[in-house]
Amino acid sequence: NAGVTQTPKFRVLKTGQSMTLLCAQDMNHEYMYWYRQDPGMGLRLIHYSVGEGTTAKGEVPDGYNVSRLKKQNFLLGLESAAPSQTSVYFCASSYSPLQRLAGGQYNEQFFGPGTRLTVL
Amino acid sequence: DAKTTQPTSMDCAEGRAANLPCNHSTISGNEYVYWYRQIHSQGPQYIIHGLKNNETNEMASLIITEDRKSSTLILPHATLRDTAVYYCIVRVWSSNTGKLIFGQGTTLQVKP
């Protein structure tokens, strides 16, 4: 049981380049999230998904796109990277309320190890 | 979701109890108090949560005041590995999005 994994761990981009960050979870969680964390700040929600095929905007969605084609994967895309997107990106997942009611699990979020992205 | 207020930083001696306060004076009746922590450069980790009764698990205890306007996370015997940023978050348990709103948190420094 690997939990939440993120690929890659580090990446350096030039302004204007594109890339995709991959998040994978093996806990059968319905909900998945992408956060970014800038130095000295708390995490801010970029996008989230409450199920396969669904996505929604968080607090800071501009400049990012996401897709949830498979339940276990949540992809975060940067179409044209900017220096302001230099950050640490964290993915998280959790059970839905229905899953919790069925199984009694707590609604805690499980986080991945993060991806450090630098845009030059 | 209700807003929380936490001290920016705290120190604690190794082996002593660390008491981290959180103010959530606008909390609603159906909102729970959650605590997460983030050890340097790692993803946040869930610690504990509660509604109105005090809660304890293998990691910590959570004391919620009777009026629910504030709470305290207690690490009974702090170790150097407990040095981290601790986030207090309030949210409804049955949230249909599961979103967490992170503030600045409290940086706890455990000293030898």
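Side-chain atoms are counted along with the backbone in the values below, which use heavy atoms only and exclude waters and symmetry mates. Note that the structure is a prediction, hence the values are computed from the model and not measured. Lettering of chains follows the sequences in order, A, B, ..., and the numbering in each one begins at 1.
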Say you draw a straight line from [atom1] of [X] to [atom2] of [Y]; how long is it, rounded to the nearest 0.5 Å?
X         : Y         : atom1 : atom2 : answer
Leu100(B) : Tyr33(A)  : CG    : OH    : 7.0 Å
Arg44(A)  : Ile101(B) : CZ    : CD1   : 11.5 Å
Phe111(A) : Gln42(B)  : CZ    : CD    : 13.0 Å

State yes or no: do [X] and [Y] share one hydrophobic cluster built from I, L, V, M, F, W and Y residues joined by side-chain heavy-atom distances below 4.5 Å, directly or via other members?
X        : Y        : value
Tyr35(A) : Tyr64(A) : no
Ile27(B) : Leu20(B) : yes
Leu73(B) : Met10(B) : yes
Val60(A) : Ile89(B) : no
Tyr31(A) : Leu76(A) : no

Sub-4.5 Å heavy-atom contacts with chain A: which residues of residues 102-112 of chain B show up?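 Residues of residues 102-112 of chain B touching chain A at under 4.5 Å: Phe102(B), Gly103(B), Gln104(B).
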
Engaged part of [X] at the chain B interface, taking heavy atoms whose separation is under 4.5 Å:
X         : answer
Leu45(A)  : side chain
Gln37(A)  : side chain
Arg116(A) : side chain

Counting neighbours of CD on Gln17(A) that are heavy atoms of other residues, nucleotides or ligands and sit closer than 6.0 Å, is the number greater than 12?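 Yes - once you tally the heavy atoms of other residues, nucleotides and ligands closer than 6.0 Å, there are more than 12.
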
Report the C-alpha separation of Glu108(A) and Tyr36(B) in whole Å, then their side-chain angles, then the decisive distance to 0.1 Å, and conclude whether the side-chain contact (heavy atoms from CB on, under 4.5 Å) test is met. CA-CA 9 Å; Glu108(A) 54 184 287; Tyr36(B) 283 74; 3.9 Å; yes

If every non-hydrogen atom of Tyr46(B) is compared with every non-hydrogen atom of Gln109(A), which pair is closest and at what distance? CB-O, 4.5 Å

Which pair of non-hydrogen atoms, one from Lys99(B) and one from Tyr48(A), has the smallest distance, and what is that distance?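 Between these two residues, the closest heavy atoms are CD-CE2, 3.6 Å.
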
